[in-house]
Structure formats: C-alpha cells, structure tokens
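The structure appears below as structure tokens.
Only heavy atoms go into these numbers, but all of them, side chains included; no hydrogens, no water, no symmetry mates. Below, chains carry the letters A, B, ... as their sequence lines are ordered, and counting in each starts from 1. Predicted, not measured: the structure shown is a model, and the values here were computed from it.
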Protein chains: 2
Amino acid sequence: MTKAGKSVLIVDDEAPIREMIAVALEMAGYECMEAANAQEAHAQIIDRKPDLILLDWMLPGTSGVEFARRLKREDRTAELPIIMLTAKGEEDNKVQGLEAGADDYITKPFSPRELVARLKAVLRRSTPQGIEEPIEVSGLLLDPVCHRVTSFDKPLDIGPTEYRLLQFFMTHQERAYSRAQLLDQVWGGNVYVEERTVDVHIRRLRKALGEAHEHMIQTVRGTGYRFSTKVA
Amino acid sequence: MTKAGKSVLIVDDEAPIREMIAVALEMAGYECMEAANAQEAHAQIIDRKPDLILLDWMLPGTSGVEFARRLKREDRTAELPIIMLTAKGEEDNKVQGLEAGADDYITKPFSPRELVARLKAVLRRSTPQGIEEPIEVSGLLLDPVCHRVTSFDKPLDIGPTEYRLLQFFMTHQERAYSRAQLLDQVWGGNVYVEERTVDVHIRRLRKALGEAHEHMIQTVRGTGYRFSTKVA
DNA sequence: GTTGCTCGTCACAAAATTGTCACACAATAT
DNA sequence: ATATTGTGTGACAATTTTGTGACGAGCAAC
C-alpha cells in the first residue's frame with residue numbers, strides 16, 4: 001500500500017476554479033484530478049479511484065446532488081466521501097445536499113485553509129480501510145474489485161445487501177454479532193429497519209451460499225450470528 | 001424474561017410531548033423520567049443517573065445545545081449519551097448540535113419506532129462491552145467474542161442460560177454461591193423463578209461439560225454450588 | 001406505462017430453550 | 001434403622017427464538 005498522500009477528485013465546470021482548488025490542495029500534500037462534469041467524473045472515479053470527491057452543486061447535465069445520490073447508491077462508490085461545493089445564496093440546499101449523501105458542505109467562497117481542514121476531517125471520519133483485497137475461504141471467494149462472490153468459481157447471485165453482509169462477515173470471522181450490530185455495520189447506523197430483517201437476509205445469503213458454505217453462517221441463539229470456518 | 005431496561009431522561013418544555021415520548025419508550029421497555037428545562041434536567045441527572053438523555057433543541061432559559069455542551073464538559077456527565085430533538089426547519093442546526101456533543105439527532109415529528117431504533121443504536125455504541133478476554137481452564141475455553149464454549153476444541157451445545165451460568169462461574173471460581181445469589185447474578189435480580197431451577201440448569205451444564213469437566217461444578221450441600229479447578 | 005429486481009415486513013412453521021414438577025437418590029439427624 | 005432434609009434427574013408444556021415463504025413498495029431500465 002502506498003501512503004503517498006490522499007487523492008482528491010475535483011468536479012466543477014469552471015476550469016479556473018478547479019485549478020485554484022487543485023493548487024491549494026497540492027500545496028497541502030494531496031494529489032488532485034479534475035473533471036468538468038458528471039460523466040468525466042465517473043470515468044475518473046472508476047479508473048483512478050480517488051479517496052474523496054469535491055463536488056460542485058451546479059453542473060451542466062447531471063447536477064451535483066443527482067450525481068452524489070447516484071454514487072451513494074452504487075455499492076462500488078457508496079463509501080466514497082463527498083464534499084459539496086456551493087455558491088453563496090444556495091445555502092438553502094444544504095439539507096438536500098447532505099441528504100443526497102454528501103459528507104460535508106462548503107460554501108463558496110472559502111479559504112484554502114478551511115477547505116483543507118474540512119477535507120481532513122472528512123477523510124479522518126471515512127473508513128480508511130481500502131477493501132481491495134479479495135478474501136477467500138475454502139472455495140468461497142469475495143472479490144471487492146469485481147464486486148462479486150464466487151463459490152468454487154461459480155458466481156453467486158445475491159443482492160447488494162447480501163453482498164455487504166457477506167463482506168462484513170468475511171472480514172470479521174469467528175465472532176458473534178447481534179442483529180443490532182449487524183444493522184449498524186452493514187446497513188449503516190442511521191437507518192431504521194426491524195431486527196428480524198437481518199434474519200431474512202441471513203436466510204437469503206445462506207440459500208445463495210448453498211450446502212457447500214451455508215454452515216459457515218452460524219446462528220448464535222439468543223444473540224445473533226457468527227461467520228466461522230470451523231465446524232459447528 | 002425481562003431485560004434490565006435502561007432509563008431515559010426526557011427534556012422538553014412541552015409536557016404533552018414529554019408524555020408522548022415517555023409512553024412510547026415505556027412500551028419499548030425503557031424507564032422514563034422527565035424534565036422541563038435545563039435546571040430540572042441537571043437535578044434529575046445527578047440523583048437518578050439516567051443512561052441516556054433526549055434533549056429538545058429549544059428550551060426556555062439555557063438552550064438545548066448549550067446544555068449539551070455543558071454536560072459534555074463536565075467529567076461526571078461527559079459520557080452520557082445525548083440525542084437531540086429538533087423541529088423540522090431547524091435542520092440547519094444539525095451540525096451545530098452534533099458538534100455540541102450530541103450523539104444523534106432526530107427531527108420532529110418522528111415515529112416512535114424510529115426513536116426507539118436510534119435510541120438503541122446510541123445506547124449500544126456507548127455501552128462498553130463486557131469482558132472480551134477468553135477464559136480458559138484445563139481444556140475448557142469460554143470465548144465471549146465468539147460467544148462460544150469449547151471443551152478440548154469441541155464446541156459445547158448449551159443454551160443461553162447455561163452459557164451465562166458458566167461464564168459467571170468461570171469468572172468467579174473457587175467460591176460457593178447460594179441459589180439466590182446465582183439467580184441474582186445470572187438471571188438478573190428482578191425475575192421470579194424457583195430456586196430449584198438453578199439445580200436443573202446446573203444439571204444441564206454438567207451434562208454438557210461431560211465427564212471431562214463436570215466435576216468442576218461442585219455441590220456445596222446446604223448452601224449452593226461452587227466452580228473449582230481443584231480436585232474435590 | 002411495463003418489466004424485473006431488491007428490499008423490508010409480515011404471518012406462520014419449526015426448533016430450541018426454559019421453568020416446573022414428580023420422583024429417585026443421597027446425606028444427615030433422630 | 002428410620003425419618004428428614006437436600007440434591008440429582010428425566011419428562012413436559014409453555015414460551016421464546018429462529019427459519020421460511022410470500023407479498024407489496026420502491027426503483028431503475030426499458
């Protein structure tokens with residue numbers, strides 16, 4: 001893992017502004033890439049995997065909010081921290097921005113110092129774990145890059161939620177988790193769903209895993225579930 | 001069986017709202033106390049030590065944020081989780097509220113279910129977990145993280161109650177406990193069950209431990225039981 | 001619009017756990 | 001030895017917890 005400073009994608013349709021921001025960030029030790037619209041941004045995200053996105057509210061074509069919302073919906077990019085940029089007077093949209101999934105919100109004009117400070121804060125909060133390493137366990141293979149799970153090379157057909165659940169389990173083996181903890185970790189702490197929903201997804205995951213691996217998800221009666229490679 | 005039930009202090013200047021919240025929480029098994037302003041709240045906190053505070057943003061006199069900030073500054077109350085309540089339209093203050101030290105933030109109106117869910121989440125995060133260290137004694141291993149007991153690597157099949165019983169014994173070895181004490185410690189103080197029930201669970205536990213370890217649970221005639229590694 | 005997919009919830013089925021009892025057995029007292 | 005008291009043990013029904021199929025809402029792609 002190269003720890004050569006975090007990389008930031010700047011998305012704004014005005015080149016001078018991008019440039020200004022880029023200079024400020026580079027002076028602070030960040031690596032920068034730029035995009036003028038949602039399409040370019042998406043391309044950059046895919047192949048250069050920035051650690052954070054500075055996203056202008058106003059964009060030609062797909063608007064910033066819309067783009068943010070879309071990013072947050074896709075598993076592959078959901079974890080990407082986003083800081084929204086907005087011009088003065090558009091502040092009413094703050095809530096809307098945050099609801100779209102932005103992690104923070106800065107009003108133009110802002111000082112470089114402020115920008116860097118917020119950026120640091122967001123990066124600190126966001127999960128530093130680059131989950132890029134495939135995890136494999138007795139024929140079960142989860143590939144975060146392909147965003148896919150295979151059981152003996154046979155692709156598993158599971159929904160995004162089951163994928164996240166399995167990923168969590170595979171990265172937290174041999175340990176019992178309550179339904180509440182799973183909701184926190186897999187669904188995200190601030191959603192409201194019934195605890196029994198966990199059971200249903202466990203069921204779906206087990207079914208998808210098939211006889212070969214379903215036993216790995218063990219029920220811990222009175223507590224929750226556990227992912228274990230050891231025999232029951 | 002009833003869980004221990006956490007207590008919640010509801011701070012809001014409008015009595016009907018307090019009442020509504022209280023009812024919802026009580027139905028969910030929480031114990032409630034109320035306060036109409038910061039002063040009352042402080043008094044309640046001192047002498048009734050709630051596990052969590054629901055704090056309205058708007059309060060006569062000392063405002064909610066201010067109060068939260070103050071609580072977080074005092075050592076005695078710094079650890080007390082706070083959930084801020086705010087009316088719709090005050091959402092801009094969200095950041096401010098969280099910065100004041102609130103652990104979560106709910107916008108009125110909210111459903112009782114949502115409230116309870118958030119409350120649970122906050123309590124879960126703030127409540128430090130119990131012992132995380134595995135306990136091992138001559139081939140008998142209790143791992144609280146896995147929530148599992150193994151005897152020479154063979155998992156023991158026991159119910160939640162036997163698990164708690166064994167955990168208690170392993171953390172309180174070499175000492176005799178009466179049935180009443182065990183009921184208190186393992187079942188939780190405020191349940192009513194026959195003392196002889198302890199015998200039955202001891203029996204079940206012994207059976208599960210098998211010949212290898214059953215002798216560790218010794219009968220102290222006329223008194224109760226003891227867990228000991230020493231030979232009888 | 002339709003279609004196809006995923007998700008959360010529900011109602012019911014299935015399974016495991018629990019507390020209690022009756023009686024067998026063991027230890028002490030009379 | 002016999003009575004008395006305390007503990008071990010198997011069985012049982014009630015309750016709790018989990019498994020499972022189905023359904024409708026929501027959403028994206030068409």
Tabulate protein N/O versus nucleotide N/O from nucleotides 24-28 of chain D, keeping only pairs under 3.5 Å, one per line.
from: D/dA28; atom 1: OP1; to: A/Arg73; atom 2: NE; distance (Å): 2.9
from: D/dA28; atom 1: OP1; to: A/Arg73; atom 2: NH1; distance (Å): 2.6
from: D/dA28; atom 1: OP1; to: A/Arg73; atom 2: NH2; distance (Å): 2.8

Using atom names, set out every protein N or O paired with an N or O of nucleotides 27-30 of chain C below 3.5 Å, distance rounded to 0.1 Å.
none

For nucleotides 2-4 of chain D, give me every protein contact, N/O to N/O, under 3.5 Å, one pair per line with atom names.
none

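Considering only side-chain atoms of A/Glu194, the nucleotide from D/dG19, C/dG19, C/dC10 that sits closest is C/dC10.
In terms of the side-chain hydrogen bond (donor to acceptor under 3.5 Å, both in side chains) criterion, B/Ser138 has no residue partners (sequence neighbours excluded). Under the rule for a side-chain hydrogen bond (donor to acceptor under 3.5 Å, both in side chains), the partners of B/Ser228 that lie at least two apart in sequence or sit in another chain are B/Glu174. Residues meeting the salt bridge (charged side-chain N to carboxylate O under 4.0 Å, His left out) test with B/Glu195, sequence neighbours left out: none. For the ring-ring contact (aromatic ring centres under 6.0 Å, His included) test, no residue two or more places apart in sequence or in another chain qualifies with B/Phe169. Residues that satisfy the salt bridge (charged side-chain N to carboxylate O under 4.0 Å, His left out) test with B/Arg18, not counting sequence neighbours, are B/Glu34. Residues that satisfy the side-chain hydrogen bond (donor to acceptor under 3.5 Å, both in side chains) test with B/Asp199, not counting sequence neighbours, are B/Arg179, B/Arg196, B/Tyr225. The side-chain hydrogen bond (donor to acceptor under 3.5 Å, both in side chains) check on A/Glu194 picks up A/Tyr192, B/Arg113, with sequence neighbours excluded. Applying the ring-ring contact (aromatic ring centres under 6.0 Å, His included) rule to B/Phe152 yields the partners B/His213; only residues at least two apart in sequence or on another chain are considered.
Regarding A/Asp199, its CG atom lies at a distance of 14 Å from the C1' atom of C/dA13, rounded to whole Å. The NE2-C1' distance, from A/His201 to D/dA22, rounds to 15 Å in whole Å. The distance from atom CH2 of B/Trp187 to atom P of C/dT20 is 10 Å, rounded to the nearest whole Å. The CZ-P distance, from B/Arg179 to D/dG8, rounds to 7 Å in whole Å. For B/Glu195 and C/dG19, the CD to P distance is 14 Å, given to the nearest whole Å. Between the CG atom of B/Leu183 and the P atom of C/dT20 there is a distance of 9 Å, rounded to whole Å. For the pair A/Ile158 CD1 and C/dT6 P, the computed distance is 10 Å after rounding to whole Å. For A/Tyr163 and C/dC7, the OH to P distance is 14 Å, given to the nearest whole Å.
OP1 or OP2 of C/dT18 has at least one side-chain nitrogen or oxygen of B/Thr161 nearer than 4.0 Å.
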List the atom pairs, with distances to 0.1 Å, where a side-chain N or O of residues 8-15 of chain A and a protein N or O form a donor-acceptor pair under 3.5 Å, not counting sequence neighbours.
from: A/Asp12; atom 1: OD1; to: A/Glu14; atom 2: N; distance (Å): 2.9
from: A/Asp12; atom 1: OD2; to: A/Lys108; atom 2: NZ; distance (Å): 3.3

Next item on the list: List the steps, then state whether side chain to side chain contact (heavy atoms under 4.5 Å, CB included) holds for A/Asp143 with A/Thr150.
Entry: CA-CA 8 Å; A/Asp143 187 340; A/Thr150 52; over 6 Å; no

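Where B/Tyr225 and B/Arg204 each meet DNA chain D at their nearest nucleotide, the meeting point lying more 5' is that of B/Tyr225.
To the nearest 0.5 Å, atom CZ of residue B/Arg175 and atom CD of residue B/Gln181 are 6.0 Å apart. In this structure, CZ in A/Arg226 is found 12.5 Å from CD1 in A/Ile217, a value given to the nearest 0.5 Å.
Contact annotation for B/Arg196: base contact, defined as any heavy-atom pair under 4.0 Å involving a base atom. Backbone-only engagement by A/Val220 is indicated by non-hydrogen atom pairs under 4.0 Å involving sugar-phosphate atoms exclusively. A/Thr197 comes within 4.0 angstrom of a nucleotide base, judged by non-hydrogen atoms across all strands.
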